[in-house]
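Working notes, beginning with the structure itself.
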Amino acid sequence: MLTLLATVIVQASPEALWRARLEGGGDAAVDAVRQLADARAGVPLLIEALDRPPLAAEAALALGRIEDPSALPKLLEALDGPAAHQAVFAVGQLAVANPELALQVEARLFRLLDGPLVLAAWQALGRVGGEATISAALAEDAVRPKALVAAALCLARLGQAPDARWVALLDDRDAEVRAAALYAWARTAPGVDLAPIALARGRALSLGGAELVIAARVVRRHGVPPAVRAHAVAALQTAGPHEAVALVEGLRDPAVSRNVVLSFARRVAAGAPLVSPDFHAALAALASPADPEVLEALAALPAGTPPERRRRDALVCAAATQPETLDAACAGASRVERAVALMGAPAAGQGELPEATRRDAVVAPWLRDPLPTRRMAALEHTSDLAVVRGALADSDRPVVATACTRLAELAGNSPELGEVVLGRALEALAAGDDEAAIDCLKAAKALGALLKDRVPPSGLAVSRAAGLPLRSPPLPPAPRPAPGSAAPKEWVVETEVGDLTLRLDSEAAPSTVRHLSALACAGRYAGLRFHRVVPDFVVQTGDPRGDGWGGLSATIPCENNDRPFTSGAVGMALAGKDTGASQWFITHTAHPHLGGTYTNFGAVVDGFATLDRLAVGDAILRIRGACPR
């Protein structure tokens, strides 16, 4: 009711009333700016507010979130005003949403590189810059680490490989410079010249700390040539949990010593932090299939580990090494455990797997399982085109979306199948399921179906799938806090494996903090599981369905801000812009490319050991501190 009332007020209030609220000053004026931003309305009034110092910063952020290109001239003027830092961020947001503005914005941001806004300018250039940004970053001396991160983001967006100059930077005395150079390698697509990459990897794997985390991404992305295997083995002996996972996954090489595998497995058994079931599956995959010593070492988890956790990890190991034994191994397991086990198995075409026909026979019974999560996992592992096409008739829309995506992977160019998939996309769109519609429309396009004039030119799903310019739709703002109440400042998230203390930022993302805290205060997260754990990336929860496809019927607007996504950052999970509902994630390590796209609303301040231990299927017991005081 409060949300509906706020929407009516925003839509019905005359301009004079909003102007009076803004000119009145104080907290009420700031709240009015935020309401207009949430409702994606009032652009002319917000442009005027840029000239009022008390409101200028909030108005700049609001205009960046609304992404209306008409605000660009005034925001460029604001770069010389009291809200310059926020204006730089907003200018970058406008250029991301409106690519036709990119060159104009890039040129203006270059003029800020000699002044006090240099760091903010480099961060914005990382999201909107082009080849000129990369050249400037490589020539930059004063703030080289930030410049290099900006250049790395540009390289990833442009599909451009780092050149020999980046290899030389791996010898820089500044650890932040070396880490930024490694980040560029990790974010570049495979298939580039292997000679400089081999050199970079050889040096990177002899490093430590934050650099090793990034080096692990390079290894996982590009493989490990024999010349750097010794460095890799040395790194494995000292790696922390996140680096270890990524390095082990990248070292799937029969020439790697089996003793290294066993040593690592025994570290886990002796109490090393458990990152996720994928960790154990990766270790098991390094050894020969059904290696009894490795399986025994992985099964011998610490005595304090809950029995269901030990069983789940053992199932994943079985999935990785002996896919044909899955049904027998999972005889006494719960549905969640069986689904996790299957999802932990190497996907089709990866690792040591039985031939396709044998694998299809193994997963066939799983395609008829009552649990949608398990059917989705099975579709990702089968190569039987007829079976996947049959899944388009599934009663569960996320299963249908998975089938659409898998068809595009298996069939290549097939306009006839594209037409079938397009039909499923239109059904999802009519039902209001944007996420399923996005996946099916992308698959239909990949299969060769013609989308132009076949679907209504509106809606988030159509815009994203067809590559049309995306404008943020007006969305209802979150309910405002009751008079005299204070927004929660910290959550204590109690989980099966320990507590996490999250410090929330109600200034950077007030609507997001209010919305999620209201859910937590009502007990909506108690019993929900962490359905996604990606080592060296994120853990994610908040889905009542339990597989990443669930949420709420209503969504909230994004509150993009310039908080960095460093280790332990807490962000709002999305299916596309302004689709946040109930899911949120925590980053294991730094990921600069998430900034400006996902709402960053807090950070872990205590419980990093718990964050390292979280695995798929671990549950939230309750969240303390979420209710307004």
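Side chains are part of it too, since the values below use all heavy atoms of this structure and drop only hydrogens, waters and symmetry mates.
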Decide yes or no for V493 and Y525: does some side-chain heavy atom of the first lie under 4.5 Å from some side-chain heavy atom of the second?
-> no
Does the pair L109 and V128 meet the rule for a side chain to side chain contact (heavy atoms under 4.5 Å, CB included), with working shown?
-> CA-CA 10 Å; L109 291 174; V128 305; 4.1 Å; yes
Determine, step by step, whether E507 and R34 satisfy the salt bridge (charged side-chain N to carboxylate O under 4.0 Å, His left out) criterion, reporting the C-alpha distance in whole Å, the side-chain angles of both residues, the deciding distance to 0.1 Å, and the verdict.
-> CA-CA 11 Å; E507 289 298 314; R34 291 172 175 174; 3.3 Å; yes
Distance-only, no hydrogens or angles: does the N600 side chain make a donor-acceptor pair with backbone N or O of G571 under 3.5 Å?
-> no
Hey, can you tell me if W584 and W491 have their rings parallel, tilted or perpendicular (30° and 60° cut-offs)?
-> perpendicular
If you draw a 6.0 Å radius around CG in L158, do more than 12 non-hydrogen atoms from other residues or ligands fall strictly inside?
-> yes
Pair D578 + R40, salt bridge at N-O below 4.0 Å = yes
Looking only at atom types and distance, does a side-chain atom of R424 sit under 3.5 Å from a main-chain N or O of V400, one as donor and one as acceptor?
-> no
Does the side chain of L519 reach to within under 4.5 Å of the side chain of L516, using non-hydrogen atoms?
-> yes
Would you give the length of the straight line joining atom CG of D606 to atom OG1 of T610, rounded to the nearest 0.5 angstrom?
-> 8.0 Å
So with a 6.0 Å cut-off around CZ of R503, is the heavy-atom count from everything else above 12?
-> no
Using a distance-only test with no angle check, is there a side-chain donor-acceptor pair under 3.5 angstrom linking T597 and R127?
-> yes
Would you check if the side chain of D618 reaches a backbone N or O of L614 as a donor-acceptor pair within less than 3.5 Å?
-> no
Would Q583 and Q540 count as having a side-chain donor-acceptor pair, cut-off 3.5 Å?
-> yes
Side-chain heavy-atom pair L594, T587 within 4.5 angstrom cut-off = yes
L63 side chain reached by I47 side chain, heavy atoms, under 4.5 Å | yes
Mind checking whether W18 and L36 have side chains closer than 4.5 Å, heavy atoms only?
-> yes
To the nearest 0.5 Å, what is the distance between CD (Q93) and CG (N561)?
-> 9.0 Å
Taking all non-hydrogen atoms of both residues into account, name the closest pair between A124 and G92 and its distance.
-> CB-CA, 4.4 Å
Go through E23 and R52 one step at a time and tell me if the side chain to side chain contact (heavy atoms under 4.5 Å, CB included) criterion holds.
-> CA-CA 9 Å; E23 292 176 350; R52 302 190 185 105; 3.5 Å; yes
Taking atom CD of E490 as the centre, does the number of heavy atoms from other residues, nucleotides or ligands within less than 6.0 Å exceed 12?
-> yes
Closest heavy-atom pair, A508 versus R65, reported as atoms and distance to 0.1 Å, is O-NH2, 3.1 Å
Is it true that D396 and R545 have a side-chain N and a carboxylate O under 4.0 angstrom from each other?
-> yes
Pair I586-L500, side chain to side chain contact (heavy atoms under 4.5 Å, CB included): steps then yes or no = CA-CA 11 Å; I586 305 174; L500 290 164; 4.0 Å; yes
Quick one: are L447 and V421 in side-chain contact, heavy atoms under 4.5 Å?
-> yes
Any donor and acceptor pair, going by atom type alone, linking the side chain of T579 with main-chain N or O of L574 inside 3.5 Å?
-> no
Got a sec: does the CG of L103 have more than 12 other heavy atoms crowding it under 6.0 Å?
-> no
Nearest atoms (heavy-atom pairs only) where A37 meets A62 = CB-CB, 3.5 Å
Should R19 and E48 count as an ion pair when the cut-off is N to O under 4.0 Å?
-> yes
Where is the tightest heavy-atom contact between A49 and A59, given as atom of each residue plus distance?
-> CB-CB, 3.8 Å
First locate atom CG of L117, then atom CG of L112, and finally report the distance between them rounded to the nearest 0.5 Å.
-> 5.5 Å
Salt bridge flag under 4.0 Å for residues D505 and R563 = yes
Within-4.5 Å side-chain heavy-atom neighbours: I556 and M572 | yes
About how many Å separate CZ of R108 and CG of L101, when rounded to the nearest 0.5 Å?
-> 14.5 Å
Kindly say whether T566 contributes a backbone atom to a donor-acceptor pair with the side chain of H591 at under 3.5 angstrom?
-> no
Measure from the side-chain N and O atoms of E106 to the backbone N and O of G130, and report whether any donor-acceptor pair falls under 3.5 Å.
-> yes
Would you call R532 and D547 a salt bridge, using N to O less than 4.0 angstrom?
-> no
Measure from the ring center of Y598 to the ring center of F585 and say whether it is less than 6.0 Å.
-> yes
Nearest 0.5 Å please: distance from the OG1 atom of T133 over to the CG atom of L113.
-> 8.5 Å
Start with the C-alpha gap between V33 and V30, add the side-chain angles, then the distance that decides, and say whether side chain to side chain contact (heavy atoms under 4.5 Å, CB included) holds.
-> CA-CA 5 Å; V33 170; V30 172; 5.7 Å; no
For the residue pair T512 and E559, confirm or rule out a side-chain donor-acceptor distance under 3.5 Å.
-> yes
Are the side chains of R624 and D499 in touch, meaning some heavy atoms are under 4.5 Å apart?
-> yes
Report yes or no: does T541 contribute a side-chain atom to a donor-acceptor pair with the main-chain N or O of R529 at less than 3.5 Å?
-> yes
Residues, nucleotides or ligands: over 12 heavy atoms within 6.0 Å of R524 CZ | no
Heavy-atom closest pair (A446 atom, A408 atom, distance to 0.1 Å) is CB-CB, 4.2 Å
What's the shortest heavy-atom distance between G596 and N560, and which atoms?
-> O-ND2, 3.1 Å
S511 side chain to D38 side chain, donor-acceptor N/O pair below 3.5 angstrom | yes
How long is the span from the CG atom in L422 to the SG atom in C440, to the nearest 0.5 Å?
-> 9.5 Å
